[in-house]
Structures are given as structure tokens and as C-alpha cells.
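Heavy-atom basis, side chains included; hydrogens, waters and symmetry copies ignored.
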Amino acid sequence: MIRVLVVDDDVLVARNHRKLVDSLDGFEAVGVAHTAAEALRLTEELRPELVLLDLYLPDDSGVRVLQRLRGNARAVDVLVITAVRDVETVKASMQGGAVHYLLKPFPFSELRNRLNNYAEAQRKLDSVVEAEQDDVDRAYGLLRAGERKSVPTELPKGLSPVTARLVTETLRAADADLSAVEVARRSGLSRVSARRYLDHFTAIGRVELNLRYGSAGRPEHRYRWVADGRTR
């Protein structure tokens, strides 16, 4: 079992991440921390192999926590999960040895895929006594592998593949068509951001747009995912 410590200052997010970890074969969530101090203490006490680390912590920088964890005599891998997008923080996390840098918000399938790839990379390396270049390439390839290509590969400048997948999965999971406000609420995006992705998917034929007319005012725009040219 890969022992995992979840670190996030948001109690609900931490609980959801812990549930996801426990739902995966080969993983066990051994604890949850909401502060930098808790993260360091529980890492020492619980000895996880992997830490899911948010960088927004109330008492210290998540990057400093990463550096301290990676600087310990006992090695631990760190998967950064954060909304921090500035390049210097990304660079510092990479230099600190993070195996992944996953930007919020994201669909759970994104984190699930990264964790499964991490586990597979560990199994590949554990299966050999002395690594050949092919073994190393396969392991690193798994660690760098992202979510399956479930979204159109060509996105306009300024649109993110991760966010596009989030909007896609929100629509696919819906039992009926959704408004931009409903998509934003379910995905954790702003209404303006959700609308940009919805407009793009509508323009390329992946989303069907319907107008719902009320008693007064402008019609409401409703969106439904279209799979293989057919309404789902």
C-alpha cells in the first residue's frame, strides 16, 4: 500500500481528497493536515510515501514545507495541489522535487489518473534490480503522463486543457442541460470562465446550445454535451 498524507487548509477539500485516495486500489490515506506545522509533524509520525500538498497554508509557505520534506533524511514524494499559478512558485516546486504540480480546480479524474500513474511508476521500478534506460524512461513517462485526451486538442489561446476537461466532465455528468451559472457552480469556476469554455465547445460542435424562453427578458442559454455528433 502507498501511504498518503493529505495536506490542505480547506477541511472539505482535504476530506474529499482523502476519500479519493482511499477509493483507489493500492493507496491508503493515513492522515490529514490543515497547517504546515501539522504537515511536518504528521509526516514524521505517520511516515507516508506520498504527500498531497496544498501551497496555501495558514502558518507557512507550502513551498518551504516541500523543501523541508524533501530535505529530510527519509525520502518522501510530494504531489503539489494548488491554485498558485505564478511561474516562480512552479519553478520552486519543481526544483524542490515535486512529482506533479496540479492546478485547482480540476476534475477528480485528473488526480485519480496522476495517483495511478505514480503507483504504476513505482511498480515498474520495484520490478527490476538494476534499471536500464528503458526502465527509467517508462517510469518517468508515467510520472509525466497527464489525463487522457478527452477534450479537443486544439484550444484557443488562453484556454487551459485541464479546465476544459473540468467543464467537459461537468456537462457529461449532468442529467440535463445546464446554464453557464450551473456549470460554474458545479465546477468551481467563475461564470465568465465557464462561459468562455462553453462558447468554444459550442462553436466546434461539442456542445449543443438551446435557448429557454421565459415570460420576460432575454432567453436563458442552456448547454448539453454532444458525444460523437449525437446528443447524450
Side-chain angles (χ1 to χ4, degrees), residues 1-10 13-14 17-18 20-21 24 26-106 108 110-147 160-162:
M1 298 291 284
I2 296 175
R3 296 164 56 82
V4 180
L5 175 66
V6 176
V7 182
D8 201 296
D9 68 326
D10 188 307
V13 170
H17 288 174
R18 179 171 192 163
L20 174 62
V21 170
L24 298 176
F27 286 88
E28 177 189 10
V30 295
V32 172
H34 302 298
T35 67
E38 283 183 331
L40 294 170
R41 176 176 60 81
L42 290 178
T43 300
E44 185 64 27
E45 292 177 4
L46 301 175
R47 296 184 173 275
E49 283 81 39
L50 178 66
V51 174
L52 306 187
L53 178 64
D54 181 21
L55 297 186
Y56 279 129
L57 299 173
D59 54 337
D60 201 357
S61 159
V63 172
R64 279 195 288 271
V65 173
L66 167 64
Q67 292 168 343
R68 290 184 62 180
L69 290 176
R70 294 291 297 165
N72 287 344
R74 182 182 176 278
V76 58
D77 287 326
V78 178
L79 194 164
V80 171
I81 301 176
T82 184
V84 181
R85 296 172 179 268
D86 72 272
V87 175
E88 291 307 313
T89 301
V90 176
K91 287 181 179 179
S93 298
M94 292 173 63
Q95 292 163 356
V99 295
H100 277 305
Y101 193 102
L102 188 55
L103 283 169
K104 298 177 180 178
F106 53 83
F108 271 176
E110 189 82 15
L111 177 56
R112 183 185 304 114
N113 197 62
R114 303 298 173 97
L115 290 172
N116 284 330
N117 285 342
Y118 172 83
E120 182 62 21
Q122 300 303 308
R123 285 193 290 269
K124 292 288 186 185
L125 290 178
D126 288 343
S127 67
V128 298
V129 176
E130 183 173 308
E132 301 293 338
Q133 187 63 53
D134 285 347
D135 300 316
V136 175
D137 290 343
R138 278 194 293 271
Y140 272 85
L142 284 164
L143 287 175
R144 298 294 176 260
E147 174 65 4
S160 159
V162 172

Using a 4.5 Å cut-off on heavy atoms from C-beta on, say whether the side chain of [Y] contacts that of [X].
| X | Y | answer |
| --- | --- | --- |
| His100 | Tyr118 | no |
| Ser61 | Val63 | yes |
| Lys104 | Val13 | yes |
| Arg64 | Gln67 | yes |
| Lys91 | Val87 | yes |
| Ser93 | Leu55 | yes |
| Leu102 | Leu111 | yes |

Restricting to non-hydrogen atoms, name the atom on [X] and the atom on [Y] that form the minimum distance, rounded to 0.1 Å.
| X | Y | value |
| --- | --- | --- |
| Asn116 | Phe27 | OD1-CE1, 4.3 Å |
| Ala39 | Ala33 | N-CB, 3.6 Å |
| Ala37 | Asp59 | N-OD2, 3.0 Å |
| Val21 | Ala29 | CG1-N, 3.7 Å |
| Ala36 | Asp60 | CB-CB, 3.6 Å |
| Val4 | Leu52 | CG1-CG, 3.8 Å |

Approximate separation, where rounding is to 0.5 Å, of [X] [atom1] and [Y] [atom2]:
| X | Y | atom1 | atom2 | answer |
| --- | --- | --- | --- | --- |
| Asn117 | Lys124 | CG | NZ | 11.5 Å |
| Leu24 | Ile2 | CG | CD1 | 9.5 Å |
| Gln122 | Ser127 | CD | OG | 11.0 Å |
| Asp9 | His34 | CG | NE2 | 9.0 Å |

*SB check Arg18 Asp8 (cutoff 4.0 Å)*: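 Looking at Asp8 together with Arg18, the answer is no, because their closest N to O distance does not fall below 4.0 Å.
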
_Run the side chain to side chain donor-acceptor pair (under 3.5 Å) test against Arg85 and tell me which residues pass, sequence neighbours left out._
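So Arg85 forms no side chain to side chain donor-acceptor pair (under 3.5 Å) with any residue.
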
_Can you list everything that forms a side chain to side chain donor-acceptor pair (under 3.5 Å) with Asp54? Sequence neighbours excluded, please._
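For Asp54 there are no side chain to side chain donor-acceptor pair (under 3.5 Å) partners, ignoring immediate neighbours.
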
*Could you walk me through whether Leu57 and Thr35 pass the side-chain contact (heavy atoms from CB on, under 4.5 Å) check?*
CA-CA 6 Å; Leu57 299 173; Thr35 67; 5.8 Å; no

*Is the CZ atom of Arg68 crowded by more than 12 outside heavy atoms at less than 6.0 Å?*
no

_I'd like to know whether Leu66 forms a side-chain contact (heavy atoms from CB on, under 4.5 Å) with Leu53, so could you lay out the CA-CA distance, the side-chain angles of the two residues, the decisive distance to 0.1 Å, and finally the verdict._
CA-CA 8 Å; Leu66 167 64; Leu53 178 64; 3.9 Å; yes

Look only at the side chain of [X] and the backbone of [Y], and say whether a donor-acceptor pair between them is shorter than 3.5 Å.
| X | Y | result |
| --- | --- | --- |
| Asp77 | Val99 | no |
| Glu49 | Arg3 | yes |
| Arg70 | Ala98 | no |

*Go through Val90 and Met94 one step at a time and tell me if the side-chain contact (heavy atoms from CB on, under 4.5 Å) criterion holds.*
CA-CA 6 Å; Val90 176; Met94 292 173 63; 4.1 Å; yes

_Could you work out, with side-chain contact (heavy atoms from CB on, under 4.5 Å) as the rule, every residue matching Arg41, not counting sequence neighbours?_
Glu38, Glu45

*Check step by step if side-chain contact (heavy atoms from CB on, under 4.5 Å) holds for Val78 and Tyr101.*
CA-CA 9 Å; Val78 178; Tyr101 193 102; over 6 Å; no

